[in-house]
Amino acid sequence: MPLLPLSFFLRNDVVQIARELLGKKIVTRFEGVTTSGIICETEAYAGVTDRASHAYGGRRTARTEVMYAVGGTAYVYLCYGIHSLFNIVTSDAEIPHAVLIRGIIPSDGTEIMLQRTGKTKFTRNPGIGPGKVSKLLGIHYSHSGLKLNQTYPPGNHAINIEDTGTDQGSMKACPRVGVDYAGADALLPYRFILQ
DNA sequence: CATAGGATCGCCT
DNA sequence: GGCGATCCTATGT
């Protein structure tokens with residue numbers, strides 16, 4: 001399937017991009033092992049003006065520096081000391097917008113995914129939850145800064161987003177999870193779920 | 001240097 | 001539905 005063009009990620013409307021990512025396919029290749037899943041849940045984080053964003057107010061730290069990279073860069077960070085959370089940086093360089101991928105439906109390499117989670121069979125919604133997305137796809141916070149949709153030589157690490165060409169179907173928007181500290185911004189309908 | 005807390009998950013009751 | 005796991009990151013002294 002065709003890779004999404006980088007221009008997809010360079011647009012300024014991060015909320016629109018989060019919506020459009022529903023139904024797209026994430027394909028990862030680590031150590032020559034390929035796994036993939038269809039994106040079914042996302043959240044938009046609107047850069048410096050969004051209290052829920054790590055880049056709120058223009059904050060820059062060693063961790064968040066990647067958010068200021070050009071659109072199409074992976075921003076992965078550790079949460080609760082356990083979970084790697086995968087985000088896609090969008091817009092131009094210096095504009096720290098990002099989309100958190102919160103859920104996938106496993107597609108290719110399900111055996112590998114079971115292996116990664118230490119299970120023998122999938123539970124009800126094996127790919128729902130941002131920590132699970134990374135677990136299934138083998139994404140680690142050390143992958144932060146990796147450029148998506150590049151034509152790396154086989155053997156290199158790669159994270160790609162493909163256009164499935166299918167209609168994303170119905171989706172709903174609601175407030176984001178776990179951002180109570182963000183005041184009024186916690187109420188913004190920046191979370192998108194494929195029905 | 002020390003410490004509090006986090007865009008969570010899974011197991012337990 | 002409650003709680004412990006687990007460790008990096010940010011911030012303050």
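Order of the sequence lines sets the chain letters (A, B, ...), proteins ahead of strands, with each chain counted from 1.
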Note to self: For B/dA7 and A/R191 - does any side-chain N or O of the residue sit under 4.0 Å from the phosphate oxygens OP1/OP2?
What the structure shows: no
Hey, does the Lys NZ or Arg CZ of A/R176 hover above the aromatic six-ring of A/Y45, less than 6.0 Å from the centre and inside 45° of the axis? yes
Next on the checklist: Has A/T164 got a side-chain atom pairing as donor or acceptor with A/G23's backbone, closer than 3.5 angstrom?
Outcome noted: yes
Quick tally for nucleotides 1-13 of chain C: nucleotides whose base has a protein heavy atom under 4.0 Å get B, sugar-phosphate-only ones S, the rest -, giving ----BBBSSSS--
*Would you check if the side chain of A/N160 reaches a backbone N or O of A/L148 as a donor-acceptor pair within less than 3.5 Å?*
no
Practice prompt. Examine A/R51 relative to A/Y181 and say whether NZ or CZ is less than 6.0 Å from the centre of the six-membered ring and inside a 45° cone about the ring axis.
Written response: no
Between CG of A/L85 and C1' of B/dA7 the distance, given in whole Å, is 6 Å
In Watson-Crick or G-U wobble terms, with both distances under 3.5 Å, the base opposite B/dT8 is C/dA5
From NE2 of A/H140 across to C1' of B/dT8 the rounded distance in Å is 16 Å
When rounded to whole Å, the CD to P distance for the pair A/E41 and B/dT8 reads 11 Å
**Report entry** Side-chain heavy-atom pair A/L136, A/F122 within 4.5 angstrom cut-off
**Finding:** yes
A/K132 side chain near B/dG10 phosphate (N/O to OP1/OP2, under 4.0 Å): yes
In whole angstroms, the gap separating C1' of B/dG5 from OH of A/Y77 amounts to 13 Å
Here the distance between atom C1' of B/dA7 and atom CZ of A/R51, to the nearest Å, is 16 Å
Rounded to whole Å, CG of A/L100 lies from P of B/dG6 at a distance of 16 Å
Strictly below 4.0 Å, N to O, side chains only: are A/D92 and A/R11 in salt-bridge contact?
no
Rounded to whole Å, the CZ-P distance (A/R176 to B/dT8) equals 12 Å
